[in-house]
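Have a look at the structure below before the remarks.
By convention in this document, chain letters (A, B, ...) are assigned in the order of the sequence lines, proteins followed by strands, and residues within each chain are numbered from 1.
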Number of protein chains: 2
Amino acid sequence: MRPFFHPATEDLRPDAILHALADPDRAAIFTRIATQGCVGSCATLAALGDRIIPKSSLSAHFKVLREAGLIRSERQGVEMRNHARCADVEMRFPGLLTAILNAYTSGPMPGPRS
Amino acid sequence: MRPFFHPATEDLRPDAILHALADPDRAAIFTRIATQGCVGSCATLAALGDRIIPKSSLSAHFKVLREAGLIRSERQGVEMRNHARCADVEMRFPGLLTAILNAYTSGPMPGPRS
DNA sequence: CCCATAGTTCAGAACATCGGAACTAGTGAA
DNA sequence: TTCACTAGTTCCGATGTTCTGAACTATGGG
């Protein structure tokens, strides 16, 4: 179990961030982490909506988010502490995270009919 | 050769848009179309940077952009007229395109060292 | 009709993702 | 220490997606 890799702020790449957040599950996970400041275990996220996400898939999702520079993960005893690197991303790509998260919260419902 | 499918504005989905723009080639293509208003042939885009993108790959890229609702394609004689649906996307997901295109233009170069 | 040009579709190889089973790490109790 | 439990990672086979050359379609001009 090798230690985690976290890219430096100046190494953040837009394509990695977009790819990470292009998956609705990952976007939901990241939204939870970003809005709740710091989410502990993966297990608390296992039930997104009504689907159950297997641990191995969750682990892979966290890895993608981590390596895109969206979250920082560190062991805290037996579980994981994940927190969002919103400030880093905002510094490098201003407005990006806000726009994406807004798009997702306004997205699923088909807006007010005009 | 079936006619092209273009999603309606209210059917635009954020994950499709992020997925489409998560590929640097597609992002570059879209940037060209968006900034130049309307790019004709695929062939003018065959050389992005210094790589040559084969026609079949280009065609697939255009399809992804089209089905994400980012561009509208229509035949004009023997070639293709593509134009960006920036207004549609902006209406549905305000600020999203701007933030993404900004991220890409500021992204590739490793920013000013602090 | 024949040819050239612009782009699409097909098919198989290369690559990525999903998820169950096995594994690793930490904690607490006997 | 050893056992058991919990949280997460890694492995690997199945499934799905992307890439790209070759064949095909569509259009316009001799």
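A:A16 and A:A68 get closest at one heavy-atom pair: O-CB, 3.7 Å.
Atom CG in A:N82 sits roughly 14 Å away from atom P in D:dA7 (whole-Å rounding). Atom pair B:I52:CD1 and D:dT20:C1' shows a separation of 14 Å (rounding to whole Å applied). When rounded to the nearest whole Å, the span between CE of A:M80 and C1' of C:dA25 equals 11 Å. In this entry the distance linking CG of A:D23 with P of C:dA16 reads 16 Å, nearest Å. As a whole-Å value, the separation of A:K63 NZ from C:dA16 P is 11 Å. Going from atom CZ of B:R26 over to atom P of D:dT18 covers 7 Å, rounded to whole Å. As rounded to whole Å, 16 Å separates atom P of C:dT8 from atom CZ of B:F5. Taking atom CD on A:E79 and atom P on D:dT9, their separation rounds to 12 Å, with Å as the unit.
Considering only the side chain of A:K55, D:dG8 comes nearest among D:dG8, D:dA7, D:dT27. For A:P54, the listed nucleotide lying nearest its side chain is C:dG19; candidates were D:dT9, D:dT20, C:dG19. Residue A:R75 places its side chain closer to C:dA25 than to any other of C:dA25, C:dT8, D:dT27.
Relative to the six-membered ring of B:F5, B:R66 misses at least one condition, a distance below 6.0 Å or an angle of at most 45° to the axis.
In this structure, B:H61 does not reach the D:dT20 phosphate: none of its side-chain N or O atoms is under 4.0 Å from OP1 or OP2. In terms of phosphate contacts, A:S56 brings no side-chain nitrogen or oxygen within less than 4.0 Å of OP1 or OP2 of C:dG19.
With hydrogens and angles disregarded, a donor-acceptor distance shorter than 3.5 Å links the side chain of A:Y104 to the backbone of A:L21.
Checking B:R66 against A:G77, the closest nucleotide of DNA chain C that is more toward the 5' end is the one next to B:R66. Mapped onto DNA chain D by nearest heavy atom, A:A60 and A:V78 fall at different nucleotides, with A:V78 at the one closer to the 5' end.
The neighbour count for A:R13 CZ, taken as heavy atoms of other residues, nucleotides or ligands under 6.0 Å away, does not exceed 12.
Using a 4.0 Å cut-off between charged nitrogen and carboxylate oxygen, A:R81 and A:E79 count as a salt-bridge pair.
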